[in-house]
Amino acid sequence: MCAHVLVAEDDAMQAELIRRSLLADGHTATVVHDGAAALAAARALRPDLVVLDLMLPVVDGFGVCRTLRGHDPDIPVLMLTARSDEDDVLRGLELGADDYMTKPYSPRELMARIRTVLRRSGRGGAREDPVARAGGIEVDPVRHEVRRDGESVECTPAEFQILLAMAGEPERVFSRRQLLERTRGLDRSSTERAVDVHIMNLRRKIEADPRRPVRLLTVFGVGYKLSGGRG
């Protein structure tokens with residue numbers, strides 16, 4: 001059983017431990033560190049399972065689960081919580097979580113729970129291509145690679161998250177605030193103006209002429225969008 005698992009955990013060491021355990025168990029994984037990034041990745045990737053920490057920045061785990069259930073009720077969710085309070089556990093289950101684990105837990109137990117949830121949901125078989133594509137741009141969240149017309153493009157973590165969100169929904173106009181939320185877990189001191197810098201740098205990397213962009217477009221008074229047409 002091979003599945004693609006989205007791990008939403010703001011503790012970098014804990015997230016890396018989960019990622020390595022998933023890889024060792026034959027799965028692939030995408031890791032994000034805040035709730036807004038989790039929602040963006042879930043929309044772009046449609047993972048087989050979301051491992052969701054409750055105490056996430058930007059949007060907490062309850063908010064992520066509520067939104068996921070509104071948009072895609074079939075994605076299984078396994079909640080992780082440092083709280084043993086029964087009310088929190090019940091609230092998570094009422095919002096649609098398929099299972100929960102209380103920290104601390106052993107990696108072996110977590111993998112066993114993940115296998116059980118995947119088996120119950122019927123997921124984890126042949127995997128659809130997780131690469132987001134738009135206008136000759138390919139963003140691979142599993143390999144963490146970006147390609148422009150087949151050529152590799154080096155991106156910073158913030159640039160990658162912005163491009164992943166936009167490639168997952170080509171032609172959608174994102175406001176600066178929405179794009180900032182995609183990077184908030186990477187640099188919480190960023191401002192909306194920092195998004196303009198990321199966009200400018202991305203244009204240098206993916207546009208033939210950054211001064212006359214045909215892929216990464218400005219929608220004046222609103223924000224930015226990634227065109228689905230090839231530049």
Side-chain angles (χ1 to χ4, degrees), residues 6 8 30-47 50 56-60 63-64 66-72 75 128-231:
L6 173 60
T30 296
V31 176
V32 296
H33 301 294
D34 69 74
L39 290 171
R43 284 192 296 267
L45 304 178
R46 293 184 56 82
V50 179
L56 292 173
V58 187
V59 181
D60 68 15
V64 172
R66 185 185 300 110
T67 302
L68 281 177
R69 285 292 169 257
H71 289 283
D72 195 339
I75 296 179
E128 293 183 2
D129 185 0
V131 178
R133 295 180 174 87
I137 304 300
E138 299 181 358
V139 187
D140 187 335
V142 177
R143 296 179 175 84
H144 210 275
E145 294 176 347
V146 174
R147 292 185 176 275
R148 171 195 172 220
D149 297 331
E151 297 294 326
S152 181
V153 176
E154 294 295 326
C155 291
T156 68
E159 291 166 1
F160 184 89
Q161 290 300 330
I162 287 173
L163 207 54
L164 175 62
M166 300 180 84
E169 297 183 73
E171 305 296 343
R172 173 185 168 180
V173 181
F174 289 83
S175 69
R176 288 182 178 87
R177 171 59 56 181
Q178 289 170 326
L179 293 175
L180 178 63
E181 288 174 352
R182 274 31 178 210
T183 68
R184 191 65 96 173
L186 301 169
D187 182 0
R188 297 178 190 178
S189 65
S190 291
T191 66
E192 289 186 30
R193 301 306 301 178
V195 171
D196 294 335
V197 176
H198 293 316
I199 293 295
M200 180 177 64
N201 290 335
L202 280 169
R203 281 175 172 159
R204 292 192 183 111
K205 296 174 180 181
I206 69 172
E207 298 283 1
D209 184 352
R211 294 170 298 178
R212 297 179 178 84
V214 296
R215 286 170 163 151
L216 191 44
L217 305 177
T218 299
V219 180
F220 292 101
V222 185
Y224 300 100
K225 71 174 183 178
L226 187 64
S227 173
R230 186 175 295 272

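Because the structure is a prediction, the values reported are computed rather than measured. Basis for what follows: all heavy atoms, side chains included, without hydrogens, waters or symmetry-related copies.
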Atom of [X], atom of [Y] and distance for their closest heavy-atom approach:
| X | Y | answer |
| --- | --- | --- |
| Asn201 | Glu159 | CB-OE2, 3.3 Å |
| His198 | Ile162 | CB-CD1, 3.7 Å |
| Met166 | Leu216 | CE-CD1, 3.5 Å |
| Ala167 | Pro170 | O-CD, 3.3 Å |

Backbone N/O of [Y] and side chain of [X]: donor-acceptor pair under 3.5 Å:
| X | Y | value |
| --- | --- | --- |
| Arg215 | Ile206 | yes |
| Glu207 | Val214 | yes |
| Arg147 | Gly136 | no |

Check: Considering only heavy atoms from C-beta outward, does the side chain of Lys205 approach that of Ile137 to under 4.5 Å?
Finding: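 Lys205 vs Ile137: side chains apart.
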**Request:** Taking the side chain as every heavy atom from C-beta outward, state whether Asp34 and Val59 have any pair of such atoms under 4.5 Å apart.
**Result:**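 In short, these two side chains do not touch, never coming nearer than 4.5 Å.
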- With sequence neighbours excluded, residues passing side chain to side chain contact (heavy atoms under 4.5 Å, CB included) with Asp196: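 Here the qualifying residues are Arg176, Arg193, Tyr224.
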TODO: Would you please name every residue forming a side chain to side chain contact (heavy atoms under 4.5 Å, CB included) with Ala8, sequence neighbours left out?
DONE: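 Checked Ala8 against side chain to side chain contact (heavy atoms under 4.5 Å, CB included); matches are Val32, Ala38, Leu52, Leu56.
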For Arg172, which residues count as a side-chain hydrogen bond (donor to acceptor under 3.5 Å, both in side chains) partner, sequence neighbours excluded?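 By the side-chain hydrogen bond (donor to acceptor under 3.5 Å, both in side chains) rule, Arg172 matches Glu169.
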Please round to the nearest 0.5 Å and tell me the distance separating atom CG of Leu163 and atom CG of Leu202.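 That separation rounds to 5.5 Å.
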